[in-house]
Amino acid sequence: VRVSGGLEALALPRVAATANLAVGVLGRRWRVELGGTYRAPTTARDDVHPEAGATIRLWTVAARGCGVLRPSVLEIPLCGGLEAGQAIGQAYGYDGRRGQAPWLAAVVGPALMWAPRRGFALWLGVELGVPLIAGNFKSDDLGVLWTIRRISLRAGFGLEVRFF
């Protein structure tokens with residue numbers, strides 16, 4: 001079980017904090033995990049009317065498979081997988097409403113884990129996501145406020161507790 005926090009950038013407006021939870025099964029040279037991520041809300045402002053825009057947040061669930069290199073107490077998982085979820089936008093500053101955009105992305109990334117004892121490890125990871133569905137947030141009055149970009153970059157730090 002891993003609990004972590006970090007930052008996400010590029011796919012949605014501005015850099016935002018993330019909270020992550022993962023559970024998995026691991027072997028000597030592999031690991032498989034299921035995880036969830038919540039990305040804190042950030043705002044996309046209209047270029048013409050800066051008092052209007054949308055606040056956008058994201059949640060995802062993911063499945064990842066990893067090959068693991070183990071030099072001594074260090075572990076280096078090299079992971080790939082898919083995540084699905086939803087970006088949710090709430091309009092402000094005009095007669096807008098709440099809107100959703102589906103999220104489906106391929107994800108890859110390495111991590112560095114330090115496991116000095118059998119029951120826990122410190123985790124530091126980066127992940128590149130490539131959204132496979134490009135949604136956007138728009139209004140009839142203002143047009144497109146934000147289009148989900150074709151790349152997502154995340155970095156995080158966390159603690160993994162291992163039950164053997």
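Positions are given from 1, in the same order as the sequence printed here. Just so it is clear, the structure is predicted and the values come from calculations on it, not from any experiment.
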Discussion item. For a side chain to side chain contact (heavy atoms under 4.5 Å, CB included) check, start with the C-alpha distance between Asp46 and Leu145, then their side-chain angles and the critical distance, and finish with the verdict.
Written reply: CA-CA 6 Å; Asp46 181 63; Leu145 293 168; 3.8 Å; yes
Discussion item. Is the shortest side-chain heavy-atom distance between Pro77 and Met113 below 4.5 Å?
Written reply: yes
Worksheet item: Quick one: are Ile151 and Leu128 in side-chain contact, heavy atoms under 4.5 Å?
Response: yes
Discussion item. Between Arg45 and Glu51 (salt bridge meaning N to carboxylate O under 4.0 Å), is one present in this structure?
Written reply: no
Fill in: Criterion side chain to side chain contact (heavy atoms under 4.5 Å, CB included) on Trp103 and Glu83, from CA distance to verdict
CA-CA 8 Å; Trp103 178 274; Glu83 68 179 15; 2.9 Å; yes
Worksheet item: For the atom pair CG (Leu78) and SG (Cys66), what is the distance rounded to the nearest 0.5 Å?
Response: 8.0 Å
Worksheet item: Is the shortest heavy-atom distance from the side chain of Leu7 to the side chain of Leu153 under 4.5 Å?
Response: no
Worksheet item: Do you know the tightest heavy-atom contact between Ile88 and Gln100?
Response: CG1-CG, 4.2 Å
Worksheet item: Are the side chains of Val1 and Phe163 in touch, meaning some heavy atoms are under 4.5 Å apart?
Response: yes
Worksheet item: Can you check whether Thr60 reaches Tyr38 side chain to side chain, under 4.5 Å on heavy atoms?
Response: no
Item to complete: Apply the test side chain to side chain contact (heavy atoms under 4.5 Å, CB included) to residues Leu112 and Ile76: give CA-CA distance (whole Å), side-chain angles for both, the deciding distance (0.1 Å), then the verdict.
Response: CA-CA 5 Å; Leu112 180 60; Ile76 304 168; 4.0 Å; yes
Item to complete: Please answer whether the main-chain N or O of Trp59 pairs with a side-chain N or O of Arg39 as donor and acceptor at a distance below 3.5 Å.
Response: no
Worksheet item: Does Arg162 come within less than 4.0 Å of Glu75, counting only side-chain N to carboxylate O?
Response: yes
Worksheet item: Side chains of Glu8 and Ser152: do they bring a donor and an acceptor to under 3.5 Å?
Response: yes
Item to complete: Answer yes or no: does atom CZ of Arg29 have more than 12 heavy-atom neighbours from other residues, nucleotides or ligands under 6.0 Å?
Response: yes
Fill in: Short side-chain to backbone donor-acceptor contact, Thr42 and Pro13, under 3.5 Å
yes
Worksheet entry | Under-4.0 Å salt bridge between Arg64 and Glu127 | yes
Item to complete: Check whether any side-chain heavy atom of Leu12 sits under 4.5 Å from a side-chain heavy atom of Ile148, and report yes or no.
Response: yes
Worksheet item: Side-chain contact, heavy-atom cut-off 4.5 Å: Leu74 with Trp114?
Response: yes
Practice prompt. For the pair Leu159 and Trp123, evaluate side chain to side chain contact (heavy atoms under 4.5 Å, CB included) and give the outcome as yes or no after the intermediate values.
Written response: CA-CA 6 Å; Leu159 174 67; Trp123 175 89; over 6 Å; no
